[in-house]
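Step one of this worksheet: look at the structure below.
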Amino acid sequence: MTKTVRTRFAPSPTGFLHVGGIRTALFAWLVARQANGTFILRLEDTDKKREVEGSAEHLIESLKTLGLEYDEGPDKPGEFGPYKQSERLDIYREWAQKLIDAGRAYADPYSPAEVQAFREEAQKNKKPYLYRNHRPENPPVWDGTQPLRLKSDPKDYTWQDAVMGELSTGPEVIDDLILVKSDGYPTYNFAHIVDDALMGITHVIRGQEFISSTPNFLNIYEALGIEKPILATMPHILNENGNKKLGKRDGAKDVLDYIKDGYLPEALVSFIATLGWNDGTEQEVFSKDELIEKFSLSRVGKSGAHFDERRLNWVNGQFIRGLSLDTLYELSKPYLPAEAAESEESYNKQVIGLIQERLKYLGEIPELTQFFYTDLPVNLDLITGNKQLKKRELSELRALLEKSQAVLELSDFSAEDIQKRLNNLLEETDEKPGVLFSIIRIATTWSPASPALADTLAVLGKDRVLSRMQQSINTL
RNA sequence: GGCCCCGUCGUCUAGUGGUUAGGAUAUCUGGUUCUCAUCCAGAAGAUCGCGGGUUCGAAUCCCGCCGGGGUCACCA
């Protein structure tokens, strides 16, 4: 019988979550969901110095916002808790004792300065530094104030990685790692192994930065008599220049900032999933349900991918266009210009309807809709910069506007009727749409871009259109 | 520097011995009665990192090199 799949995301609360972190979480979540397994959030808060106030909550909010809900976690007790490492200290101590009793762990008698001297000596001699070359012959009894180290068993390792395939290293990478620090907290190296075993984790999915310490983890599994889980190593997401692993230091953005800018959680998820993964078909965009159905670790690529915001824009646009107007409108509310609060809801909704197909992210709403709510200042550049209009005298344009005004005065202001009347005017004046429609559009919006003219006018409404036209006529 | 991983259009990628190296995005052009966008059509864009092999035949297998990244903490 096969074990129930249990995966985990195990961040340390040292800051926000960027797309790289989210991808690791997403893939772990997908593996669990598609197997009807369990997804766990575990906080690895064993470094008090690096801990950032409030980041645990921020992490949790990020996961929830993206819809990567976990079944067990710090705020979701399960039978394997607690899910915060700082609350599991006695567990690590117990497992450390097992290693001591088995002769596989010992107290480190050296001071940090002495250890540093070993390191520098090795560097000076151009030799790799290994603590185990200085392993004391008769270490003192561990009293908890010294670091506790693994008595390692250096040897070759070859292992399978669900993404990378076969990986191997020689004994030179195996060392006597610190298991428990002198402050009593375990290191990642030790704690995550104990926790994964105790929590029944079947798949350990993590970033490439851990690949070089994996042989040491294997060494610890053996010392502890623990069966190793399935290991899956995710390639890194690189920054836009592609010369570095994406990190907070070089401008990686908090995923919640993308949400604030108006990227949809599902779009972010689809985009991040396809950074390194595809289903082998030509499908480019995936709903969350499709990802759960189709995802597989074996189709995750081995090479790092650049994070390209332009492609994210396209994916997000795809999702926005796929939304119903009602849904899009609800999502749009926080982004509408302040003046929209004084407008009818039905008006606001029509405005959003008009820009749905030109929206890349919700944060663009204010600039795209401003003229629906406020009279923008007259900007003659819009006329002089227009290749059709700049050839005309202002008086000519004014005359066209006056005729248009007269025609629109009679309209019921449905888009159809406006279109019909303007078409008639086109024939009557023998003008090209490029001239007539342009000047009307500009005179009623004073905006460099707007949706189709008749639609825009219909939504703006008769009063607003006619008064803006009058104003423009007066100033031209 | 040692060790490890990676290397197909600018970018995300398909591709596991025989393909005109496919798709998407980005870019450019044309069309959709006006602008921006969407949509549609089209163009350009990859000596498959380089050099050797193996083979009738290599992006695909082998070796070497180069380039990029990761890691060598009482951080995770």
Side-chain angles (χ1 to χ4, degrees), chain A residues 10-14 44-47 49-50 85 108 112 115-116 119 122-123 126-130 146-149 161 164-165 167-170 172-173 175 177-189 191-192 206-215 233 235-236 238 240 242-245 271 274-285 301-315 317 321 355-360 364 368 382 385-386 388-389 419 422-423 426 432-442 445 447-454 456:
Chain A
S12 60
T14 53
E44 311 226 317
D45 57 340
T46 55
D47 186 349
K49 296 184 291 293
R50 291 206 315 153
Q85 290 186 327
D108 175 355
V115 173
Q116 180 59 23
R119 199 182 342 259
Q123 277 167 1
K126 296 217 191 265
K127 288 175 72 177
Y129 161 70
L130 285 171
Q146 315 101 320
L148 183 73
R149 285 187 185 263
D161 186 285
M164 293 295 176
L167 262 20
S168 60
T169 51
E172 68 281 354
V173 303
D175 199 10
L177 298 183
I178 290 181
L179 270 11
V180 180
K181 298 178 273 183
S182 58
D183 65 3
Y185 283 83
T187 58
Y188 168 84
N189 303 140
H192 90 272
R206 79 223 314 178
Q208 219 181 23
E209 65 272 25
F210 292 105
I211 203 163
S212 55
S213 35
T214 297
T233 299
H236 282 143
L238 278 17
E240 208 120 5
N243 58 3
K244 218 182 269 177
K245 152 189 167 191
F271 174 73
T274 54
L275 223 45
W277 173 86
N278 72 83
D279 70 344
T281 71
E282 287 180 351
Q283 186 169 347
E284 304 283 345
V285 171
K302 298 179 179 183
S303 56
H306 299 62
F307 182 80
D308 185 359
E309 233 169 75
R310 289 176 301 183
R311 190 173 167 85
L312 172 60
N313 281 340
W314 174 76
V315 172
R321 255 145 259 138
I355 61 163
Q356 178 163 17
E357 63 186 25
R358 64 205 69 212
L359 219 43
K360 289 196 288 293
E364 292 180 309
L368 257 28
L382 293 177
N386 181 300
Q388 302 269 18
L389 300 183
Q419 190 66 61
L422 291 181
N423 281 345
L426 221 43
K432 284 184 288 191
V435 173
L436 182 65
F437 291 0
S438 289
I439 189 59
I440 298 173
R441 198 182 61 73
I442 290 168
T445 67
S447 194
S450 67
L453 182 58
T456 304

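Letters A, B, ... are given to chains in the order of the sequence lines, protein chains preceding strands, and every chain is numbered from 1. All values below were derived from every heavy atom in this structure, side-chain atoms included, with hydrogens, water molecules and symmetry-related copies excluded.
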Can you work out whether A:Trp314 or A:Lys360 has the more 5'-proximal nearest nucleotide on RNA chain B?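 First, find each residue's nearest nucleotide; the 5'-ward one identifies A:Trp314.
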CZ on A:Arg149 to CG on A:Asp175, rounded to 0.5 Å: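 Reported value, rounded in 0.5 Å steps: 7.0 Å.
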With a 3.5 Å distance limit and no angle check, can you tell me whether A:Thr187 reaches the backbone of A:Ile178 through a side-chain donor-acceptor pair?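 Present.
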So, is [X] near the phosphate of [N], with a side-chain N or O under 4.0 Å from OP1 or OP2?
X	N	value
A:Arg149	B:C74	yes
A:His306	B:C12	yes
A:Arg119	B:A73	yes
A:Lys49	B:C75	yes
A:Lys181	B:A76	yes
A:Asn278	B:U13	no
A:Lys302	B:C6	yes

Is a donor-acceptor contact shorter than 3.5 angstrom present between the side chain of [X] and the base of [N]?
X	N	value
A:Gln419	B:U33	yes
A:Arg311	B:A26	no
A:Arg441	B:U35	yes

Are any of the side-chain nitrogens in A:Lys360 or A:Glu309 under 4.0 Å away from the carboxylate oxygens of its partner?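 Salt bridge flag = no for A:Glu309 with A:Lys360.
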Would you classify [X] as touching base, sugar-phosphate or nothing, given that sugar-phosphate means primed atoms plus P, OP1 and OP2, and contacts are heavy atoms under 4.0 Å?
X	value
A:Arg206	nothing
A:Asn386	nothing
A:Phe210	base
A:Pro128	nothing
A:Ser182	base
A:Lys127	nothing
A:Pro215	nothing
A:Glu357	base
A:Thr46	sugar-phosphate
A:Leu275	sugar-phosphate
A:Glu284	base
A:Ser450	base

Can you tell which of B:A76, B:C74, B:C34 lies closest to the side chain of A:Val115?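 Taking heavy atoms from C-beta onward, the closest nucleotide is B:C74.
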Counting only Watson-Crick pairs (N1-N3 plus N6-O4 or O6-N4) and G-U wobbles (N1-O2, O6-N3), all under 3.5 Å, who is the partner of [N]?
N	value
B:G2	B:U71
B:A21	none
B:C36	none
B:A41	B:U29
B:G7	B:C66

With A:His192 as reference, evaluate A:Glu44, A:Arg206, A:Gln85 under the side chain to side chain donor-acceptor pair (under 3.5 Å) test and give the passing residue.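 By the side chain to side chain donor-acceptor pair (under 3.5 Å) criterion, A:His192 pairs with just one of A:Glu44, A:Arg206, A:Gln85: A:Arg206.
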Atom CZ of A:Phe437 and atom P of B:C36: how far apart are they, to the nearest Å?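 Taking atom P of B:C36 as the reference, CZ of A:Phe437 is at 16 Å.
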